[in-house]
Amino acid sequence: MIGRMAGLLLPGLKTEDGRPVIVVHHSGERYGVEIRRSATARRLILRVRGATRDAVLTIPKRTSLADARSFAERQAAWIGARLRRLPETVALDEGAVFPMRGVPTLVVSQPDARGTVWLQPDCEHPEANQSLCVAGDTRHLPRRVVDFLRRECRRDLERDVAVAAERAHRNIPRITLRDTTTRWGSCTASGELNFSWRLILAPEFVLSYLAAHEVSHLVHMDHSPKFWALCRSLHHETDRAEAWLNAHGAELHRYRAAVSPAQRRRNVR
Ligand SMILES: [Zn+2]
């Protein structure tokens, strides 16, 4: 049931950034637990991550991996219970309803149509306000949906980042889209901005706020009062957008993008 754990049967498994992953079992299910050593942790701390649907065990520096494993194994039932309580994931495939710019959107396959991917109003389905129509072979549909969402996300972000950068008297920075799980955006020391493509799922004021937030980091590389003053001057719904992300941000990770089998083998998460 926890699909992303399928790769965890390999021995000596590690995350992409080299952290060890151990696999624990309970009632026929397997759960991956990422091990993080911490210089400041004084006890073992286990948590379940909604975004990645896995568990992280933070251990003090001197705790052995064997001790970490036996601790995680004793907690396997708890991990399973917490994972089962997470909201169901939704594959971005034919028939799925997902929020696009916050608007409920139904994925519709149009195998005989020409063209690529387009949006149109939907009055037939009460659960959606619009349809995302995907032409061509249905086997390519999930990938084309995500490619479309990433393109739209980039377009919205480029527009909003340009507006914010001009108002902050900064050059328009380069933008990279990622599928990050812990941050919606970030700003590198060299002034490049990274964003999660999932922001296209959030209401428009949330995406435009993230653009203003990261542009503000081109001026202040911290979250000081000066930073927040600038951010609020660039985006008047800063507080509302922060509140929205706190309340609903995790839900944006429910929507599963199609990944190729090769990608699935490479990535633990
Ligand atoms: Zn920030």
Side-chain angles (χ1 to χ4, degrees), residues 15-19 34 36-41 45 47-54 56 58 86 98-102 146 149-255 257 267 269:
T15 62
E16 274 175 348
D17 38 14
R19 293 197 183 99
E34 181 182 318
R36 287 191 186 180
R37 271 185 204 285
S38 158
T40 52
I45 303 160
R47 63 195 171 86
V48 161
R49 289 186 293 201
T52 43
R53 295 184 170 257
D54 58 5
V56 179
T58 303
L86 293 173
F98 71 96
M100 179 165 175
R101 299 188 181 97
V146 174
L149 293 177
R150 291 182 75 113
R151 275 199 306 276
E152 293 291 301
C153 187
R154 170 174 285 280
R155 206 178 57 182
D156 286 11
L157 281 168
E158 281 176 348
R159 178 196 62 203
D160 295 344
V161 162
V163 170
E166 193 178 329
R167 294 181 60 193
H169 307 293
R170 285 294 181 275
N171 293 330
I172 296 173
R174 256 177 59 97
I175 289 176
T176 307
L177 288 189
R178 302 179 187 277
D179 195 3
T180 46
T181 54
T182 52
R183 307 164 88 178
W184 297 108
S186 61
C187 175
T188 69
S190 58
E192 280 184 30
L193 306 187
N194 301 315
F195 294 95
S196 165
W197 68 267
R198 292 172 184 277
L199 288 169
I200 194 65
L201 307 176
E204 286 184 297
F205 76 93
V206 176
L207 180 142
S208 59
Y209 156 67
L210 251 299
H213 182 114
E214 298 310 329
V215 165
S216 301
H217 280 313
L218 297 174
V219 183
H220 303 289
M221 270 304 250
D222 53 25
H223 290 123
S224 60
K226 277 182 179 166
F227 165 87
W228 286 112
L230 174 62
C231 186
R232 289 192 179 98
S233 78
L234 295 178
H235 201 286
H236 300 301
E237 293 186 289
T238 289
D239 296 311
R240 184 176 163 228
E242 277 284 322
W244 192 94
L245 284 167
N246 281 333
H248 305 289
E251 290 164 29
L252 303 186
H253 289 291
R254 286 179 61 200
Y255 301 94
N267 294 342
R269 326 198 240 181

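We count ligands from 1, going down the list as the structure has it; atoms in each ligand are counted the same way. Only this structure's heavy atoms are used, side chains among them; waters, hydrogens and symmetry mates stay out.
Residue N171 qualifies as open at atom CG: its count of foreign heavy atoms under 6.0 Å is 12 or below.
Counting backbone and side-chain atoms alike, C187 contributes no N/O/S atom closer than 2.8 Å to the Zn ion (ligand 1).
Sorting the N, O or S atoms of H213 by how far they are from the Zn ion (ligand 1) puts NE2 first. The N, O or S atom of H217 with the smallest distance to the Zn ion (ligand 1) is NE2.
Ring pair H223/W228 is parallel by interplanar angle, where below 30° counts as parallel and above 60° as perpendicular. Using cut-offs of 30° and 60° on the angle between ring planes, the pair H213 and F227 is perpendicular.
Taking each heavy atom of H217 and C187 in turn, the nearest pair found is CB-CB, 3.7 Å.
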